[in-house]
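Just so we're clear, the structure is a prediction, and the values are computed from it rather than from any experiment. Throughout, a chain's letter reflects where its sequence line sits, starting with A, and its residues are numbered from 1.
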Protein chains: 2
Amino acid sequence: MENSAENVRSQMRKGVLEYCILSILEKKEAYASSILEELKSANMIVVEGTLYPLLIRQKNQGLLSYRWEESTQGPPRKYYCITEKGRQQLGEMDLAWQEIVETIKTIKGQVL
Amino acid sequence: MENSAENVRSQMRKGVLEYCILSILEKKEAYASSILEELKSANMIVVEGTLYPLLIRQKNQGLLSYRWEESTQGPPRKYYCITEKGRQQLGEMDLAWQEIVETIKTIKGQVL
DNA sequence: AATAATTACCTTGTGTTGCAAGGTATTTAA
DNA sequence: TTAAATACCTTGCAACACAAGGTAATTATT
C-alpha cells in the first residue's frame with residue numbers, strides 16, 4: 001500500500017518545505033526549476049506538482065514576489081524573490097525549526 | 001485567518017509527531033495521557049484530537065500494540081507498546097530525521 | 001443517594017499539504 | 001516539420017493536525 005521508507009520521508013517534508021523555499025530565496029532570487037535543482041542537490045527530493053502550488057501559495061500570502069525574465073534557451077522564467085513579510089516569516093521559521101530540533105533531542109533523551 | 005507563528009509550528013509538527021510517539025514508546029510503554037504530558041514537557045504541544053487517531057493509525061499499521069490496565073484513580077488505561085515492526089520503522093525515521101536536519105543545514109549553508 | 005469533578009477514552013468535520021499524473025507554451029536542434 | 005528540451009501550470013487524491021464536540025469510569029462533594 002505504501003513504500004514505507006519513502007513515505008516516512010515524504011511526511012517529514014511536510015511543513016519543512018516552505019521553510020526550505022524561503023531559505024533558498026533569502027540568498028538570491030530564483031525560478032522554479034532552479035529551486036528544484038538546489039533542493040535536489042541538498043538531498044531533498046521534490047516534484048513539480050509540489051513546488052508550483054507552494055510557490056503560488058507563498059506569493060498569495062505576500063511572502064514572495066516575482067518578475068518575468070526572458071531566457072536564452074527556452075520559455076521565459078518566473079523569478080521569485082522574498083519579500084519583507086517573507087523575511088519575517090522566515091525568522092519565525094528559524095525559531096520553530098530550532099525548537100523542533102531541540103524537542104526531538106529532548107525526547108530521544110540520552111539515547112542520542 | 002491564521003496565527004502565523006503557531007501555524008508555522010503546527011505545520012512543522014506534521015510528520016515529526018509519529019516519530020516522537022515511536023521514540024517515546026521505545027523507552028517504555030505508556031498511555032495516551034502520559035504521552036501527551038511527555039510531549040508537553042518536551043515543548044511540543046499536541047492535543048487529544050491529534051494523538052488518539054495517530055495512535056490508532058500506528059496500531060493498525062502494526063507499529064504498536066496495547067493492553068488495558070486498571071487505574072487506581074479513574075477509568076482503565078490503554079497502555080501502548082512498540083512492536084518489532086515499530087522498531088524497524090523507528091530506525092528508518094531516525095535516518096530520515098538525520099537526513100532532513102542535514103538538508104536544512106546544507107540549504108541554510110554558510111549562513112548558520 | 002445524587003451531583004460534580006476528574007481522568008481517561010474516542011469521533012466527526014475541516015483545512016492544509018505533498019504527490020501522481022496529467023497538460024500548455026516557447027525555443028532550439030534534428 | 002518534427003522532436004527534444006525547458007519552463008510553466010492544474011486536477012484529483014490521500015495523509016495529517018486540529019477544533020469541537022462526545023462517552024464512560026472513578027472519586028469527591030453535597
Side-chain angles (χ1 to χ4, degrees), chain A residues 1-22 30-37 39-40 44-61 63-64 66-80 93 96 100, chain B residues 1-4 6-22 30-37 39-40 44-61 63-64 66-80 89 93 96 100:
Chain A
M1 191 167 294
E2 93 248 354
N3 177 332
S4 177
E6 196 39 53
N7 195 50
V8 161
R9 281 164 178 73
S10 167
Q11 287 310 318
M12 282 195 180
R13 279 196 277 272
K14 287 197 181 185
V16 180
L17 255 182
E18 299 201 3
Y19 180 42
C20 292
I21 305 305
L22 288 185
Y31 61 102
S33 300
S34 66
I35 294 174
L36 275 178
E37 292 216 353
L39 288 171
K40 198 174 180 179
M44 176 160 286
I45 309 305
V46 181
V47 294
E48 290 189 327
T50 299
L51 183 61
Y52 281 99
L54 195 159
L55 287 171
I56 291 169
R57 276 202 308 273
Q58 292 190 320
K59 188 217 53 168
N60 289 339
Q61 289 171 13
L63 308 179
L64 304 179
Y66 68 83
R67 63 180 178 78
W68 287 98
E69 185 171 309
E70 296 297 322
S71 167
T72 56
Q73 12 175 303
R77 296 167 174 172
K78 204 172 183 176
Y79 277 87
Y80 282 94
M93 286 177 161
I100 287 203
Chain B
M1 194 168 291
E2 93 250 355
N3 178 331
S4 177
E6 197 39 53
N7 194 50
V8 161
R9 281 163 178 74
S10 167
Q11 288 310 316
M12 282 194 180
R13 278 195 279 272
K14 287 195 182 185
V16 180
L17 255 180
E18 299 201 4
Y19 180 41
C20 292
I21 304 305
L22 287 185
Y31 61 102
S33 300
S34 66
I35 294 174
L36 274 178
E37 292 216 353
L39 289 170
K40 198 174 181 179
M44 176 160 287
I45 310 305
V46 182
V47 294
E48 289 190 326
T50 300
L51 183 61
Y52 282 99
L54 195 159
L55 288 170
I56 292 168
R57 275 201 310 273
Q58 293 190 320
K59 188 218 51 171
N60 289 339
Q61 288 169 16
L63 309 179
L64 304 178
Y66 68 83
R67 62 180 178 79
W68 287 100
E69 184 170 309
E70 297 296 321
S71 167
T72 55
Q73 10 175 303
R77 297 167 174 173
K78 205 173 183 177
Y79 276 85
Y80 282 94
Q89 176 92 346
M93 285 178 162
I100 286 203

Choose from [options] the nucleotide whose nearest atom is closest to any side-chain atom of [X].
X: Thr50(B); options: dA19(D), dA17(D), dC9(C); answer: dA17(D)
X: Leu17(A); options: dA19(D), dG18(C), dA17(D); answer: dG18(C)
X: Pro75(B); options: dT7(C), dA20(C), dC10(C); answer: dT7(C)
X: Tyr52(B); options: dA8(C), dA7(D), dC16(D); answer: dA8(C)
X: Leu54(A); options: dC9(D), dC9(C), dG18(C); answer: dG18(C)

Does a side-chain N or O from [X] land closer than 4.0 Å to OP1 or OP2 of [N], or not?
X: Arg57(A); N: dT16(C); value: no
X: Arg13(A); N: dC19(C); value: yes
X: Thr72(A); N: dT27(C); value: no
X: Tyr31(B); N: dC9(C); value: no
X: Ser33(B); N: dC9(C); value: yes

Contact summary for [X] and [Y], nearest pair of heavy atoms:
X: Met44(B); Y: Cys20(B); result: SD-SG, 3.8 Å
X: Ala32(B); Y: Leu51(B); result: O-CD2, 3.4 Å
X: Tyr80(A); Y: Lys59(A); result: CE2-CB, 4.4 Å

Would you kindly give the [atom1]-to-[atom2] distance between [X] and [N], to the nearest whole Å?
X: Asn60(B); N: dC10(C); atom1: CG; atom2: C1'; answer: 14 Å
X: Leu36(A); N: dC9(D); atom1: CG; atom2: P; answer: 12 Å
X: Arg77(B); N: dC9(C); atom1: CZ; atom2: P; answer: 8 Å
X: Glu69(A); N: dT27(C); atom1: CD; atom2: P; answer: 14 Å
X: Met12(B); N: dT16(C); atom1: CE; atom2: P; answer: 18 Å
X: Gln58(B); N: dA17(D); atom1: CD; atom2: C1'; answer: 14 Å
X: Leu39(A); N: dC19(C); atom1: CG; atom2: C1'; answer: 15 Å
X: Glu70(B); N: dA8(C); atom1: CD; atom2: P; answer: 13 Å

query: Closest nucleotide of DNA chain C for Glu48(A) versus for Lys78(B): which of these residues is on the 5' side?
result: Lys78(B)
- request: Specify the residue among Pro76(A) and Ile45(A) whose closest nucleotide of DNA chain C lies further upstream toward the 5′ end.
  value: Ile45(A)
- prompt: Side-chain contact, heavy-atom cut-off 4.5 Å: Arg57(A) with Asn60(A)?
  reply: no
message: Between Trp68(A) and Lys78(A), is there a side-chain heavy-atom distance shorter than 4.5 Å?
response: yes
message: So, under a plain 3.5 Å distance rule, would you say the side chain of Glu18(B) forms a donor-acceptor pair with the base of dC16(D)?
response: no
query: Taking for each residue the nucleotide of DNA chain D with the nearest heavy atom, is it Lys14(A) or Gln73(A) whose nucleotide lies nearer the 5' end?
result: Gln73(A)
- prompt: More than 12 non-hydrogen atoms from neighbouring residues, nucleotides or ligands closer than 6.0 Å to CD on Glu37(B), yes or no?
  reply: no
